[in-house]
Amino acid sequence: MNILKSYKYILYGLDCANCAKKIEDKIAKTEGYEDVNVNFSTLKLSFKTDKKDGVKEEIVKIVTSLEPEVEVLDEGKKKEDTQRNGFDIIRLILGLVIFLIGMYGNFGDLVCNICTVVSLIILLSRTAVKGFKQVTKNKVLDENTLIVVSSIGAYLVGKGMEGVMVITLYEIGKILEARAVSKTRKSISSLMDIKPEYANIKINDDVKKVLPDEVKIGDIIVVKAGEKIPLDGKVISGAAELDNSALTGESKLVKVKKDDKVLSGSINAQGLIEIEVEEVYENSTVNQILNMVENATDKKAKTENFVAKAAKIYTPVVMGLAVIVAIFMPLIFKDVTYSQSIYKALIFLVISCPCSIAISVPLSYFSGIGKSSKRGILVKGSDYLDGLKDIGTVVFDKTGTITTGSFEVSQINALDSNYSEEEILNYFAMGESFSNHPIAQSILKLTNIDFDKQKVEDFKEISGRGLSYKFEGNTILVGNKELVDYDKDKTEGTKIFLKINETVIGAINLADTIKEGTKDALDKLKDRDIKVRIFTGDNRRIANKIADELEVKNVEAEMLPADKYNALEKILKKYKNTDGKVAFVGDGINDSPVLALADVGVSMGGVGANSAIEASDVVIMTDSIDKINEAIEISKKTSKIIKQNLIFAITTKIVILVLSTIGIAGMWQAVFADVGVTILSVLNVLRIMWKKI
């Protein structure tokens, strides 16, 4: 069996979304390549292949055959972004000056004609070469060919000035368009400028500056005031105030001291700390976030796929209309000459480029994802960002999602006089020391028990019920009353019981509180006509009490993970295609199956929870439920911008087509319908990032 290897390259100089799609399709149709994706927003080409030799050479050949000016660079390699070199600017000015001399120099018609021809040759040279290569090598009529035909055709039908102006405005427009796209990319990149450039590694008494990926687990790094924390770890010396806004969107500084965990991407606003590294850079929080944002638009939304397919149909249709206009218009209307009909057909050709339609959609999604990331909301794909706006029902897990999950032990009950409260607590702690559950952490805070972990045998977590282990020959159960088979307790509250062999010897009362701001966040969801439900494994009395406080009518309690899965499956079937998408919001650890099942899985796992990042479609980097409202708002704003751009682009093109047919619009308006609309659409995309949500 051949093993597929992943490859990633940067397509430097790619400034056309339609061209990006052509490159993607051509490589995908080439034998041996799978999962091909060209991300126009990041200029990244990714694919898988089992080929061992000559992969890059073959890719370069395919890319340059379609786009001769595009360079294929290895991922991570940077190049100065010079959109058009000085030669092209000089060529543009020279061609225009020669034309103006011939037009207004009073040298006669012959000189004027010669200057116009020379001007067209100079101005069209670059575009003509690109168009010629496309026609001869790929048998494709792209926008370069259409512009060349339109400019020369305009001259031949006696519209020489318009022919020169078409190519001049086109060249100027492409420069402005490329700069607008570049500005958008840079603006998005600046939103996620969290990558650490270096790490100060401590070697004996010396400090050496190295790249973050050179640091190993267990190394000690020093972070001074104003520096980014390059890797995840634990503070072993000093104290500081950290700015986590790039990770969470929250501007409040967080104080850290010895033994506190810190995450890469945070900025040390004040203080000096030494950190023991606990994760290599590849697995660090900052690298996961950057990879997630960068790869997010690889998962294209339905709108994006639809526009890509529509663009393929649009150009041939308009070109077909151009041929019909050129041939049949004089036959239908006696006052229209072939010279006039050909001129109108040439206008159709200028308008037929779908760039303004194709370019704004991927940039809009990329901007929306960048905006979300800046606000502490990681969205894994354009399709998930698109889905957020259509949510009609949100199902919440209770513990750790709408409540703090930081259980406080309110009481220890000895149910057997042979055991003291301290002994009971120690038995609880021995089992919970192997668990990552929030309840376990709360119990372990109360005791400093020192025991030999090797004496704890056969440890097992029992899903939705508790855990079991053996210690010194005794079988011990820690969990709810169903697990220990104890029905004497009738009091309210969250309790876990301790059973040694056949006897229940103790219980712990736990208190959990609703997160601050949860009710307001849920009320906002209800104001959007979104149905709110609660699923919990807790007992029904507690679940109903929490639901009453939050004014949530639909609550299901005493559920095992399998029960949650089955219940959500029923909801999905009930609301399919009728009442919006269904989202599930959980802690990303115990709820993985349900998160995967939901239309949109949202993890409230908090910063640095790897399980949350892996399990869900959207990750909230804080524990604030109101971030869901922000995510929905960003999704709606992104969708609104996309609709505005599509309606504006399509309407403008149709209007110019109609006006040109009846003789009102000319070549200049056609160029605006192509390049001008593209520039305005790209500038409109910038509103996603800078508009306050």
Side-chain angles (χ1 to χ4, degrees), residues 13 15-16 19 64-70 82-178 319 322 326 338-340 342-353 355 660 666-676 678:
D15 57 5
C16 166
C19 308
T64 53
S65 71
L66 293 169
E67 290 296 312
E69 295 186 350
V70 173
T82 52
Q83 298 296 339
R84 292 285 186 270
N85 59 34
F87 175 77
D88 284 331
I89 301 295
I90 292 170
R91 178 178 55 78
L92 185 61
I93 294 171
L94 180 62
L96 193 56
V97 168
I98 291 172
F99 171 72
L100 292 174
I101 290 172
M103 182 63 64
Y104 300 104
N106 295 320
F107 296 116
D109 291 343
L110 179 62
V111 173
C112 181
N113 260 327
I114 292 171
C115 286
T116 301
V117 171
V118 171
S119 175
L120 281 171
I121 291 171
I122 293 171
L123 292 169
L124 286 169
S125 57
R126 175 180 171 275
T127 307
V129 169
K130 290 181 71 175
F132 179 75
K133 287 181 178 179
Q134 289 283 29
V135 172
T136 54
K137 289 185 178 181
N138 303 304
K139 307 296 185 290
V140 172
L141 289 174
D142 69 348
E143 65 174 330
N144 296 290
T145 311
L146 300 178
I147 289 294
V148 171
V149 171
S150 299
S151 297
I152 295 174
Y155 171 77
L156 294 175
V157 296
K159 302 279 187 178
M161 183 176 181
E162 292 199 26
V164 171
M165 287 299 103
V166 165
I167 184 59
T168 301
L169 292 174
Y170 177 76
E171 287 286 331
I172 293 171
K174 294 304 286 184
I175 292 170
L176 294 175
E177 178 189 317
M319 289 177 69
Y338 272 106
S339 177
Q340 291 172 326
I342 291 170
Y343 176 70
K344 294 178 191 297
L346 294 174
I347 294 173
F348 274 51
L349 294 184
V350 175
I351 297 174
S352 66
C353 177
C355 282
S660 68
M667 282 283 189
W668 295 35
Q669 290 87 347
V671 173
F672 171 76
D674 177 28
V675 180
T678 301

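Keep in mind the model is a prediction, meaning the values are calculated, not measured.
- Atom SG of residue Cys115 and atom CG of residue Leu110 lie 9.5 Å apart, to the nearest 0.5 angstrom.
- The structure places CD1 of Ile147 at 12.5 Å from CG of Leu123, a figure rounded to the nearest 0.5 Å.
- The backbone N or O of Ile122 lies less than 3.5 Å from a partner atom in the side chain of Ser125, making a donor-acceptor pair.
- Note that the CZ atom of Arg126 and the CD atom of Glu171 stand 5.5 Å from one another [nearest 0.5 Å].
- Here the closest heavy-atom approach between residue Ser119 and residue Gly95 is recorded as OG-O, 2.7 Å.
- Here the options are Thr127, Leu92, Val148, the test is side chain to side chain contact (heavy atoms under 4.5 Å, CB included), and the partner is Ile167; only Thr127 passes.
- Atom-to-atom distance recorded for Leu120:CG and Thr168:OG1 is 8.5 Å, nearest 0.5 angstrom.
- Take Ser660 and apply the side-chain contact (heavy atoms from CB on, under 4.5 Å) test, not counting sequence neighbours, and it matches Ile347, Phe348, Ala665.
- Every residue two or more places apart in sequence or in another chain was checked for a side chain to side chain donor-acceptor pair (under 3.5 Å) with Thr116, and none qualifies.
- In terms of the side-chain contact (heavy atoms from CB on, under 4.5 Å) criterion, residue partners of Val129 (sequence neighbours excluded) are, by chain and number, Lys133.
- Val157 is linked by a side-chain contact (heavy atoms from CB on, under 4.5 Å) to Lys159, Ser339, Ile342, Tyr343, counting only residues two or more places apart in sequence or in another chain.
- For Leu156, the side-chain contact (heavy atoms from CB on, under 4.5 Å) partners are Ile152, not counting sequence neighbours.
- Smallest separation of non-hydrogen atoms from Ala345 and Ala322: CB-O, 3.1 Å.
- In terms of heavy-atom proximity, Leu346 sits nearest to Ala154 at CD1-N, 3.4 Å.
- Shown here for Met165 and Phe99, the closest heavy-atom pair between the two residues is CE-CE2, 4.2 Å.
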